[in-house]
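So you know, we letter chains A, B, ... as the sequences are listed, proteins then strands, and number each from 1.
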Protein chains: 2
Amino acid sequence: MDNITTKILEGDSLDVLKTLSDNSVDLIVTSPPYADNRKNTYGGHPPNKYNEWFLPISKELKRVLKPTGTFILNIKEKVTDGERNTYVLELIIKMREQGWLWTEEFIWHKKNSFPGKWPNRFRDSWERLLQFNKEKKFAMYQDAVKVEIGDWAKDRLNKLSETDKKRDNAKNGSGFGKNVSNWLGKETVYPTNVLHLATECNNKNHSAAFPNSLPEWFIKLFTKENDTVLDPFAGSGTTLFVAQSLRRNSIGIEIVSEYVEEIQKSLNEIEKNNIQTKINYAIA
Amino acid sequence: MDNITTKILEGDSLDVLKTLSDNSVDLIVTSPPYADNRKNTYGGHPPNKYNEWFLPISKELKRVLKPTGTFILNIKEKVTDGERNTYVLELIIKMREQGWLWTEEFIWHKKNSFPGKWPNRFRDSWERLLQFNKEKKFAMYQDAVKVEIGDWAKDRLNKLSETDKKRDNAKNGSGFGKNVSNWLGKETVYPTNVLHLATECNNKNHSAAFPNSLPEWFIKLFTKENDTVLDPFAGSGTTLFVAQSLRRNSIGIEIVSEYVEEIQKSLNEIEKNNIQTKINYAIA
DNA sequence: GTTCCGCATGAATCGATAG
DNA sequence: ACTATCGATTCATGCGGAA
């Protein structure tokens, strides 16, 4: 039952990526360290040098991604000197020059961004989720992420009269009546490109963790079971754990050995539990 | 009581703008025709020529805007050949080269986005609201747009421990503890940079590009009474009517004479009612 | 007077068909 | 091969007429 592998590799992303095979990954989901002048855990990549640092990495990512694969990049430009810095815009343009297709920009609306006050701006409660592809045709499993239908329809459908339910419209071209009856029993609709997810307040050390539901959504949308997911900036390992629980293979890369150790420890725990489960099955 | 003027000027935006004085406008809110949209009425500007058309206009806008003024540009790039086109990104970069500061990007989340289903993308339910300024210090009246506090925050506050309430944070830069205690007992809170507004779908001839509440929000946020608001692509006149009702002077520019006439007609109606009101007051 | 329901209408995008 | 036009798809909203 268990062919899924979950790997965490320690090292600089660019170096480690070079050891991975061409066209071997179905989905890349990552949230790279944000541009920052401070030299902290990640050494800091100032805004004006950010792309210089990131573009060689995105080139390797393009190599390891399958032609039908997708790259989701969670990023938001910083405010520098009172302005939104343009390095993310420039990154998109440069990545297209590398051969990436900029297919879509999803918005992650962070519902619980904490209140604060600045004289000339409001709380920043959204981030970009940039979708890049190698080819126009890529794998996408839309049914895996359908959402509950809006309240308007629930009300409407619950109250539909018998005649409405039976009506086979032939009146005019609008097709509405027909559709309404088609919608009976319909509970879900396709989502949009705006994601409403709360940030999780983890007690963990890692700062830039995104909530489980974020990689979960993209893993369901762009991969199927036994596919391979890559997170070149694994951080606290969210992407890996979600991938594993959804039965996708995954590879994480992380430069900070402390994080690598924590991830490895959690993976060992899970492995132990799995073995225990198997033994229990065998006994039973 | 009535010094507010509301003007609609007919003609090409670039030409008409040249007749306006330097540093005379407090706020520009506009939604120019998007690339290739509204070909029938506006002639259509193909994506690869869009900035060539728009940049001379933004240059004039910069001239007429006061140093403390703000320019809000509602725009969203279209999909061409399966990709998000980059002309809006390039526009931001080029406008900075013109001397604009790209202060902020608000997100307009449209709940009722256009329906449809495609194999490779979901419905597009957001648009960019780009904020540009001439100077780092600009007029902003944040208190005018405070919103009711969200339930999540209410819960959070109710559950706060006494230590949390007293805590004077110094740990990290988040300001969490400090702000929380400031907050207790308040009913309203400053909004974020994500706006949730549905488009208004009227049965009328020209549906407005944006709902009243959109210019209303920005007019309250960036102007005070008797200030001057400019919309160089007035369309159905939403910005003008909202500005008038909020007692701001306003100037609209519109190239389609049919729209200009309708706006003028509405303005005349309002004027007539005002006079009627005054007479009634006089009698009473 | 309420509430309820029918309906038109979207800053859309893709793929097929036609010149 | 490259462009132009057209049909199919889909769902939230407000208005107006009806119960």
Side-chain angles (χ1 to χ4, degrees), chain A residues 101 103-105 136-138 140 142-143 146-165 167 169 171-184 186-194, chain B residues 30-48 50 54 73-85 87-88 107-130 196-214 233 235-236 238 256 259:
Chain A
L101 302 176
T103 310
E104 181 59 303
E105 180 171 341
K136 276 190 219 170
K137 299 275 187 184
F138 50 86
M140 194 178 196
Q142 301 190 349
D143 288 338
K146 289 179 89 169
V147 294
E148 290 224 340
I149 199 165
D151 295 335
W152 67 273
K154 267 187 204 155
D155 290 352
R156 205 47 88 76
L157 291 174
N158 288 339
K159 289 168 188 163
L160 270 184
S161 66
E162 281 305 309
T163 47
D164 272 333
K165 288 178 189 169
R167 181 166 62 126
N169 97 308
K171 258 187 189 169
N172 52 19
S174 87
F176 181 87
K178 195 168 157 190
N179 283 341
V180 164
S181 49
N182 285 346
W183 286 349
L184 282 173
K186 187 174 179 179
E187 300 276 319
T188 57
V189 298
Y190 293 101
T192 71
N193 58 359
V194 176
Chain B
T30 198
S31 196
Y34 294 180
D36 272 345
N37 275 106
R38 308 191 165 184
K39 272 186 198 165
N40 306 334
T41 43
Y42 290 101
H45 305 278
N48 57 344
Y50 195 83
F54 192 77
L73 177 60
N74 171 218
I75 197 165
K76 180 70 181 274
E77 65 278 352
K78 58 176 294 179
V79 172
T80 55
D81 211 17
E83 279 188 276
R84 287 276 162 210
N85 199 295
Y87 63 91
V88 172
I107 296 295
W108 174 20
H109 173 40
K110 299 185 287 186
K111 275 187 72 181
N112 58 343
S113 55
F114 202 94
K117 185 184 185 304
W118 308 275
N120 55 349
R121 63 182 62 250
F122 288 135
R123 291 180 298 144
D124 190 10
S125 73
W126 65 277
E127 295 192 18
R128 304 179 194 278
L129 290 161
L130 304 170
H196 296 266
L197 303 171
T199 56
E200 284 167 10
C201 29
N202 300 333
N203 297 345
K204 292 175 186 173
N205 295 336
H206 356 276
S207 46
F210 42 48
N212 288 332
S213 42
L214 202 147
F233 303 96
S236 58
T238 308
V256 179
Y259 292 170

Tell me, do [X] and [Y] make a side-chain contact under 4.5 Å, heavy atoms counted?
X	Y	answer
A:Asn193	B:Arg121	no
B:Leu130	B:Val88	yes
B:Tyr34	B:Ile75	yes
A:Tyr190	A:Val147	no
B:Leu129	B:Phe210	no
A:Thr192	B:Phe114	no
B:Trp118	A:Met140	no

Counting primed atoms, P, OP1 and OP2 as sugar-phosphate and everything else as base, the B/S/- map of nucleotides 1-8 of chain D against protein heavy atoms under 4.0 Å is --------
State, to 0.1 Å, how close B:Ala35 and B:Pro46 come at their nearest heavy-atom pair, and which atoms those are.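 That closest heavy-atom pairing would be CB-C, 4.4 Å.
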Please find the pair of heavy atoms, one from B:Asn120 and one from A:Phe138, that lie closest to each other, and give the distance.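 The pair with the smallest heavy-atom distance is O-CZ, 3.4 Å.
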If each of B:Gly116 and B:Lys111 is mapped to the nucleotide of DNA chain D with the nearest heavy atom, which maps nearer the 5' terminus, i.e. the 5' end? B:Gly116
Starting at the 5' end of DNA chain D and moving along, which residue's nearest nucleotide shows up first, B:Ala198 or B:Pro115?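 Closer to the 5' end of DNA chain D: B:Pro115.
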How many Å lie between [atom1] on [X] and [atom2] on [N], as a whole number?
X	N	atom1	atom2	answer
B:Phe114	C:dC14	CZ	C1'	13 Å
A:Lys146	D:dT10	NZ	C1'	11 Å
A:Lys137	C:dC14	NZ	P	10 Å
A:Met140	C:dC14	CE	C1'	13 Å
B:Glu83	C:dC14	CD	P	11 Å
B:Leu197	D:dG14	CG	P	11 Å
A:Gln142	C:dT13	CD	P	14 Å
B:Asp36	C:dT13	CG	C1'	13 Å

Given [N], is OP1 or OP2 found less than 4.0 Å from the side-chain N or O atoms of [X]?
X	N	value
B:Arg84	C:dA12	no
B:Asn120	C:dC14	yes
B:Arg121	C:dC14	yes
B:Lys110	D:dC11	no
B:Lys78	C:dA11	no

From B:Lys76 atom NZ to B:Lys110 atom NZ, the distance as rounded to the nearest 0.5 Å: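 With rounding to 0.5 Å, NZ (B:Lys76) is 7.5 Å from NZ (B:Lys110).
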In terms of the nearest nucleotide of DNA chain C, which residue is placed more toward the 5' end: B:Ser113 or B:Val79? B:Ser113
Start at the 5' end of DNA chain C and walk down; is the nucleotide closest to B:Glu127 or to B:Pro119 reached first? B:Glu127
Please give the stem ranges for DNA chain D, sorted by first residue number, where a stem is three or more consecutive Watson-Crick or G-U pairs and both donor-acceptor distances are under 3.5 Å.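 The stems that DNA chain D takes part in, listed by first number, are C:2-10 with D:11-19, C:12-19 with D:2-9.
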Side chain of B:Tyr34 (C-beta onward), nearest among C:dA11, D:dT13, C:dT13: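 Looking only at side-chain atoms, B:Tyr34 lies closest to C:dA11.
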When you measure from the side chain of B:Arg123, which nucleotide among D:dT10, D:dC11, C:dA11 comes out closest? D:dC11
Check the chi torsion on C:dA16 and let me know: syn if it falls within 90° of 0, anti if not.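 Anti, angle beyond 90° from zero.
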Under 4.0 Å, heavy atoms only, any strand: does B:Pro32 hit a base, just the sugar-phosphate, or nothing? base
Look at all strands and tell whether A:Tyr190 reaches a base, only sugar-phosphate, or nothing, counting heavy atoms closer than 4.0 Å.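 It contacts sugar-phosphate atoms only.
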With under 30° as parallel and over 60° as perpendicular, where do the rings of B:His45 and B:Tyr50 fit, or are they tilted in between? perpendicular
Tell me whether the side-chain N or O atoms of B:Thr199 pair up with the base of D:dA12 as donor and acceptor below 3.5 Å, since no angle test is needed here. no
